[in-house]
Amino acid sequence: MDGQPEELNELMRVRREKLAELRDKGIEPYGARFERTHTTSFILANFEDLENKNAAIAGRIMSKRSMGKASFAHIQDSTGQIQIYARLNDMGSQAYEIFSKLDIGDIIGVTGNIFKTRMGEVTVAVGEFKLLSKCLRPLPEKWHGLKDVELRYRQRYVDLIVNPEVKEVFESRSKIIRSIRSFLDSRDFLEVETPMMHNIAGGAAARPFITYHNTLDMHLFLRIAPELYLKRLVVGGFEKVYEINRNFRNEGVSTKHNPEFTMIELYQAYADYNDMMDLTEELISTVSLEVFGRNRIEYQGTEIDLAPKWTRLPMLDAVKMYSGLDFRSIKTTDEAKNAVKLAKIDLVLETSDTWGTILNKVFEETVEPKLIQPTFIIDYPVEISPLAKRKIENPELTYRFELFIYGREMANAFSELNDPVEQKSRFLKQVEKRTAGDEEAHMMDEDYIDALEYGMPPAGGLGIGIDRLVMLLTDSPSIRDVILFPTMRPRD
RNA sequence: GGGCCAUUAGCUCAGACGGUAGAGCACCUGACUUUUAAUCAGGGUGUCGGUGGUUCGAGUCCACCAUGGCUCACCA
């Protein structure tokens with residue numbers, strides 16, 4: 001259907017004929033610069049002052065109503081829509097004839113007088129108009145818009161043209177990110193950019209994408225997290241840094257996962273995970289207030305209160321509360337396995353599982369979905385936290401938390417492990433797991449160990465999934481609703 | 001990857017029991033100089049996702065494939 005004229009359907013054929021007709025008449029269907037004096041929404045908001053004044057506006061024709069020698073249309077710019085009124089007497093027959101043949105979807109510039117119609121609608125009377133871009137494909141239906149989700153994602157540009165609420169979501173996304181930046185900038189965090197192509201895919205447990213550099217003749221990984229580079233910067237003396245950008249994980253696609261997704265990671269020297277909890281709840285509630293003017297939000301019909309302070313619940317207590325299993329008295333891996341069996345918790349346990357991984361599995365199975373209001377789950381087992389500092393009181397656990405809202409992991413943070421010797425032995429344990437077939441286990445990063453050997457100040461680090469935060473704040477059910485161009489298989 | 005569901009005109013959708021495809025919008029022709037889901041008269045523009053099969057006959061039944069959605073698994 002693309003390209004070959006003989007394959008064009010009737011609607012597209014007609015539009016191409018109109019295009020040729022315009023060119024025959026010496027009219028360029030793809031205009032150049034057009035100087036606007038007003039946006040549509042500005043005119044609507046300031047009609048009192050603008051009545052009978054001239055305006056130059058530009059936008060896409062979204063509807064047309066022709067009544068013979070006069071026509072109405074609505075044109076849409078990035079701020080909204082306004083009605084225009086074209087009258088043969090005002091324009092002359094040549095111009096009016098061309099106007100009459102314009103299609104819904106065409107982009108035009110209009111100059112004319114601002115007035116109010118008999119029906120009370122603020123309207124621009126077309127004095128002159130200029131075709132700025134001919135639209136060769138029919139737009140979806142004006143009343144129902146574009147509903148087919150597959151088309152909406154594949155042709156987001158069409159979705160954005162006809163579904164104004166979609167545009168609002170992405171405007172909100174931008175405001176949210178801007179608000180995060182201004183929050184951190186005002187607290188003297190420095191925004192930095194670290195590599196997206198890594199020799200070693202570190203900083204998280206995930207399968208990476210692999211790419212190849214021709215000249216250097218080597219494979220590179222798309223980053224799964226910026227963590228290890230940001231902490232190198234902390235070693236280097238940047239005491240408060242953050243980065244907002246894409247991570248890439250070669251894993252499943254779902255309503256909560258896209259292979260490339262946006263994370264913010266930040267590190268603060270001389271702080272710990274308690275500071276990160278304070279920062280997280282302040283950050284998210286401030287952003288919600290700034291962008292949406294409220295902290296009580298509704299997500300998929302559930303009211304969620306983002307006002308600080310949020311519950312801080314040790315994982316051991318959470319697991320005891322929701323599963324009945326008390327991992328404070330369960331001391332060994334064998335005891336843990338037995339306890340899970342006795343409690344008839346529906347879990348698949350592997351021989352490689354240990355006390356900590358079992359605790360985490362029980363947590364995910366029994367607790368996670370219950371955490372609707374913002375909750376910090378604190379003190380994660382060391383086995384699943386290879387970059388976090390051990391708790392002094394209980395070395396099986398770490399100073400790590402994850403934030404859950406609506407049963408979803410929204411943030412992950414810890415007091416950073418800054419002991420190079422211990423970090424090395426943690427990496428070695430990960431490498432063992434990798435060798436045993438765990439594709440998500442961390443890789444050894446000798447240079448990172450070198451960096452730690454120079455001394456990294458104690459630091460708190462935090463990562464927040466931006467897409468999931470935007471989902472929450474915009475009440476979007478799927479991550480694809482907050483990513484402009486979500487990953488899709490090609491159509492053919 | 002498993003399960004369930006969907007795929008029909010540009011868009012939104014309808015098509016019992018298997019009989020050769022329909023509506024609204026959009027579009028085309030005509031009428032109409034303040035309409036607004038404009039109105040009125042006329043016009044259906046289609047590889048029914050694809051490939052096989054069953055059948056006298058398939059949009060409809062069967063198998064496989066593709067794409068998408070939901071869900072489970074995975075994602076600590």
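Each chain gets a letter, A, B and so on, in the order its sequence line appears, and its residues count up from 1.
- Regarding A/R249, its CZ atom lies at a distance of 14 Å from the C1' atom of B/C74, rounded to whole Å.
- Residue A/R400 is classed as a base contact, given a heavy-atom separation below 4.0 Å to a base.
- Once rounded to the nearest 0.5 Å, the distance linking CG of A/N258 with CZ of A/R246 reads 9.0 Å.
- In a base pair of the Watson-Crick type (N1 to N3 plus N6-O4 or O6-N4) or a G-U wobble (N1-O2 and O6-N3), with each distance short of 3.5 Å, B/G1 is matched with B/C72.
- Comparing B/U60 with B/G22, their C1' atoms are spaced 15 Å from each other, to the whole Å.
- Distance check on atom P: B/U47 versus B/C40 gives 30 Å, rounded to whole Å.
- In the set B/A37, B/U33, B/U35, B/U35 carries the atom at the smallest distance from any side-chain atom of A/R65.
- If A/M488 and A/A206 are placed on RNA chain B by their nearest nucleotide, the residue sitting closer to the 5' end is A/M488.
- Contacts of A/G356 with the nucleic acid, taken as non-hydrogen atoms under 4.0 Å apart, are absent.
- The side chain of A/M119 has B/U36 as its nearest neighbour among B/C32, B/G10, B/U36.
- Distance A/L151 CG to B/G68 P: 12 Å, rounded to the nearest Å.
- A/R489 comes within contact range of the sugar-phosphate backbone alone, with a heavy-atom separation under 4.0 Å but no base atom that close.
- Taking the C1' atom of each, B/A38 and B/C32 are spaced 11 Å apart, rounded to whole Å.
- Going from the P atom of B/G30 to that of B/G68 covers 44 Å, rounded to whole Å.
- A 3.5 Å limit on both hydrogen-bonding distances identifies B/A6 as the Watson-Crick or G-U partner of B/U67.
- Contact annotation for A/L139: no contact, since no heavy-atom pair falls under 4.0 Å across all strands.
- The nucleotide whose nearest atom lies closest to any side-chain atom of A/E121 is, among B/G68, B/C11, B/U35, B/U35.
- Taking atom CG of A/L88 as the reference point, atom C1' of B/A31 lies 15 Å away to the nearest angstrom.
- Going from atom CD1 of A/I82 over to atom P of B/U36 covers 18 Å, rounded to whole Å.
- The ring pair (Phe, Tyr, Trp, His ring centres under 6.0 Å) contacts involving residues 48-75 of chain A comprise A/F72-A/Y85, where partners must be two or more places apart or lie in separate chains.
- In this structure, the OH atom of A/Y85 is 5 Å from the P atom of B/U34, given to the nearest Å.
- Across all strands shown, B/C61 forms a Watson-Crick or G-U wobble pair, both distances under 3.5 Å, with B/G53.
- Rounded to whole Å, atom P of B/C11 lies 14 Å from atom CG of A/D159.
- Among the atoms of the strands shown, only primed sugar atoms or phosphate atoms (P, OP1, OP2) are found under 4.0 Å from some heavy atom of A/K18.
- For B/C72 and B/C27, the C1' atoms lie 45 Å apart once the distance is rounded to whole Å.
- Going from atom CD of A/E141 over to atom C1' of B/C27 covers 13 Å, rounded to whole Å.
- When the C1' atom is used for both B/A23 and B/C48, the distance is 16 Å, rounded to whole Å.
- Taking the six-membered ring where tryptophan is involved, the planes of A/Y229 and A/H198 are tilted, since the angle between them lies from 30° to 60°.
- Comparing the C1' positions of B/U55 and B/C62 gives an interatomic distance of 12 Å, to the nearest angstrom.
- A/S63 contributes no side-chain N or O that forms a donor-acceptor pair with the base of B/U36 under 3.5 Å.
- Per the geometry, CG belonging to A/D103 stands 17 Å off P belonging to B/C11, to the nearest Å.
- Of the candidates B/G69, B/U35, B/C28, B/C28 carries the atom nearest the A/V14 side chain, counting heavy atoms from C-beta on.
- Remark: side-chain polar atoms of A/N46 are not paired, donor with acceptor, to backbone N or O of A/D49 under 3.5 angstrom.
- Remark: A/N113 pairs with no residue by the side chain to side chain donor-acceptor pair (under 3.5 Å) rule, at least two apart or across chains.
- Distances were taken from every side-chain heavy atom of A/K147 (C-beta onward) to each of B/U34, B/U36, B/C13; the shortest belongs to B/C13.
- Atom NZ of A/K320 has 12 or fewer neighbouring heavy atoms from other residues, nucleotides or ligands inside a 6.0 Å radius.
- Taking 4.0 angstrom as the limit, A/N9 places a side-chain polar atom (N or O) nearer than this to OP1 or OP2 of B/G10.
- Using a 4.0 Å cut-off, no side-chain N or O of A/R15 falls inside it from OP1 or OP2 of B/A26.
- Exactly one of A/D379, A/I378, A/V382 qualifies for a side chain to side chain contact (heavy atoms under 4.5 Å, CB included) with A/L397. That residue is A/D379.
- Using a 4.0 Å cut-off, some side-chain N or O of A/K142 falls inside it from OP1 or OP2 of B/A38.
- The base-pairing partner of B/U45, taking Watson-Crick or G-U wobble contacts with both distances under 3.5 Å, is B/A26.
- Between B/G68, B/U36, B/C70, one nucleotide has an atom nearer to the side chain of A/T255 than all others, and that is B/C70.
- Considering only side-chain atoms of A/I104, the nucleotide from B/G68, B/C11, B/C27 that sits closest is B/C27.
- Close to B/C70, at under 4.0 Å from its OP1 or OP2, lies a side-chain N or O of A/R480.
- For B/U7, its base never sits under 3.5 Å from the side chain of A/E150 at any donor and acceptor pair.
- The listed nucleotides are B/C32, B/C70, B/U36; the one nearest the side chain of A/S478 is B/C70.
- Taking the centre of each ring, A/Y273 and A/Y380 stay at or above the 6.0 Å mark.
- Relative to the side chain of A/K69, the nucleotides B/U12, B/C32, B/A37 differ in distance, and B/C32 lies closest.
- B/G24 and B/G43 are spaced 12 Å apart, taking the P atom of each and rounding to whole Å.
- Of the candidates B/U67, B/G69, B/A26, B/G69 carries the atom nearest the A/Y153 side chain, counting heavy atoms from C-beta on.
- Syn is the classification of B/A16, since its glycosidic angle stays within 90° of 0.
- A/E364 comes within 4.0 angstrom of sugar-phosphate atoms only, judged by non-hydrogen atoms across all strands, and of no base.
- No hydrogens or angles considered: a donor-acceptor pair under 3.5 Å links the side chains of A/T79 and A/D77.
- Looking at heavy-atom distances under 4.0 Å, A/L11 makes contact with a base.
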